[in-house]
**Student:** 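Following this message is one structure expressed as C-alpha cells.
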Amino acid sequence: MSGVIERYRSFFDINAQFPIVTLNEGNTPLIQAPAIASKTNVPGLQVFLKFEGLNPTGSFKDRGMTYAVSQAKAQGATHIICASTGNTSASAAAYGARAQLKTLIILPEGKVALGKLSQAILYGADIVEITGNFDQALDVVRILGKAQGVAIVNSINPFRIEGQKTGAFEVCDQLGGKAPDYHFIPVGNAGNITAYWLGYKAYHAAGRIQSLPKMFGYEAEGSAAIVKGHKIENPETLATAIRIGNPASWQGAEAARDESGGKIDCVTDDEIVAAYQFLASKEGIFCEPASAASVAGLFKACSQNLVAQNSVVTCVLTGNGLKDPDNAIRFGKSEKITLPPDPQQIATHLGLTL
Ligand SMILES: *Cc1c(COP(=O)(O)O)cnc(C)c1O
C-alpha cells in the first residue's frame, strides 16, 4: 500500500511526474472502543479511535510531512527546518533522511519526550535546544527559514495541512463512506483540527460523504490560548505535544468550530492522565498523553450533555505511547517486584494456587 499522496492523488494539486517522498504513511486503523462508549453513559453511542500512533514515525505528523518534504525537494531546497515539541522533529528527520535533505531542528529545552528525541538523533538531524518554549522556537524558525535553500516544515507550511487532510478521508472511508457525527481531537498548534475540517469539507464537496461532523477540539488547561482568548506566555501541561501558548492555526481552529457547530474546550492534566490510563488498561491502546486529550474531551462533553444519543464519534489518537516512556511508567498502575526464580513463591505473590 502506497502513502497518502498516491492514495488520494486527485485531492492534491500535482501532476503525474511529481516525485513523492513517502514512507507509506497513513492507512492507520480505526478501532472501535466499546469500553469508552459505555463509560460515557450516552445510550447507543459508537466510539471509534483513529490510531495515528501507527504511522511510520509514530504520529500523524507523517501525513503532512510526506507532502511538505516532497514539495521542498521538488523546489530545490537543501535543508528543511522545524520547531517542535517532538513529533514534528521526528517526522521531519525521517522524511529528510529519506529525501537526502539536511534536517535542522529547534526544540524547547528539556520538554521533549525521550522517544521523540531518540528518533531525531538516530535519523541524523542537527538539533538545537533553546532556553525557551515551543512558541519561541517557532519564532526563531520563521526567521531561519529565510536562509538560502531552507524550507520550513512546521504546519505554517500549507503543504503540511494539505497532507493531513487525508486523515479525514480515511475516517470516512473506514466508516463506509460516512462522516462521523462528532470528531474529537487534541489541539496544540491547531494545524490538525484545521486539516481535518478542510478534509471533511473537501470530501463532502466531492460527494464522498453526505454530512459533516461537529468538530470538538481540546487544549490542555495550562496551555488553553484559544479557550481563554489570549496567548499563554508560559504554557504548561504534562502533555508536552500540546504545550503551546500561541497556536499558529488559531483561526483555522475557530473556523472549524464555528462552521461545524462544534466546540473548542480544554481538559486538565488529571483528566488527560485518567483517559490515558483508561485507553491502555480498558481498551488495550497505548497512546501518548496529548493524544488522550481527545478521549478526555469526549468524557467531558458527554458529561455536559453535548453529545446526542445513538451518534457515531471518532477520537483521533495523535501519537504512539512508546514516544513517552517516562509518563507511562509514572502513571502506569502495575507494580513490579523482584523475586527468586521459585514458582511457589511467585505463585503465592500472584495469588495462584499450585
Ligand atoms: C503535534 C501533536 C498534537 C497537536 O497537533 P496540532 O496540529 O499542533 O494541534 C497533538 N498530539 C500529538 C501527539 C502531536 O504530535
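Quantities reported herein were computed from a predicted structural model and do not represent experimental measurements. Just follow the structure's listing: the first ligand is 1, and inside any ligand the first atom is 1.
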**Student:** Quick one, Glu52 with Val316, criterion side-chain contact (heavy atoms from CB on, under 4.5 Å). Give me CA distance, side-chain angles, the key distance, then yes/no.
**Tutor:** CA-CA 7 Å; Glu52 291 289 277; Val316 182; 4.0 Å; yes

**Student:** Could I get the full list of ring pair (Phe, Tyr, Trp, His ring centres under 6.0 Å) partners for Phe299, not counting sequence neighbours?
**Tutor:** Phe278

**Student:** May I ask you to decide if the ring planes of Tyr203 and Phe169 are parallel, tilted or perpendicular, using 30° and 60° as cut-offs?
**Tutor:** parallel

**Student:** Report the residues that fulfil ring pair (Phe, Tyr, Trp, His ring centres under 6.0 Å) with Phe286, sequence neighbours left out, ordered by chain and then residue number.
**Tutor:** none

**Student:** Suppose the criterion is side-chain hydrogen bond (donor to acceptor under 3.5 Å, both in side chains): which pairs have a residue in residues 128-142, not counting sequence neighbours?
**Tutor:** none

**Student:** Dump the pairs for me: ligand 1 N or O, protein N or O, distance under 3.5 Å, to 0.1 Å.
**Tutor:**
unit_1: ligand 1; atom_1: 7 (O); unit_2: Gly191; atom_2: N; d: 3.2
unit_1: ligand 1; atom_1: 7 (O); unit_2: Asn192; atom_2: N; d: 2.8
unit_1: ligand 1; atom_1: 8 (O); unit_2: Asn189; atom_2: N; d: 2.8
unit_1: ligand 1; atom_1: 9 (O); unit_2: Gly188; atom_2: N; d: 2.8
unit_1: ligand 1; atom_1: 9 (O); unit_2: Asn189; atom_2: N; d: 3.3
unit_1: ligand 1; atom_1: 9 (O); unit_2: Ala190; atom_2: N; d: 2.8
unit_1: ligand 1; atom_1: 11 (N); unit_2: Thr318; atom_2: OG1; d: 2.7
unit_1: ligand 1; atom_1: 15 (O); unit_2: Lys61; atom_2: NZ; d: 2.6
unit_1: ligand 1; atom_1: 15 (O); unit_2: Asn87; atom_2: ND2; d: 2.6

**Student:** Might you confirm whether atom CD of Gln251 has over 12 heavy atoms from other residues, nucleotides or ligands at distances under 6.0 Å?
**Tutor:** no

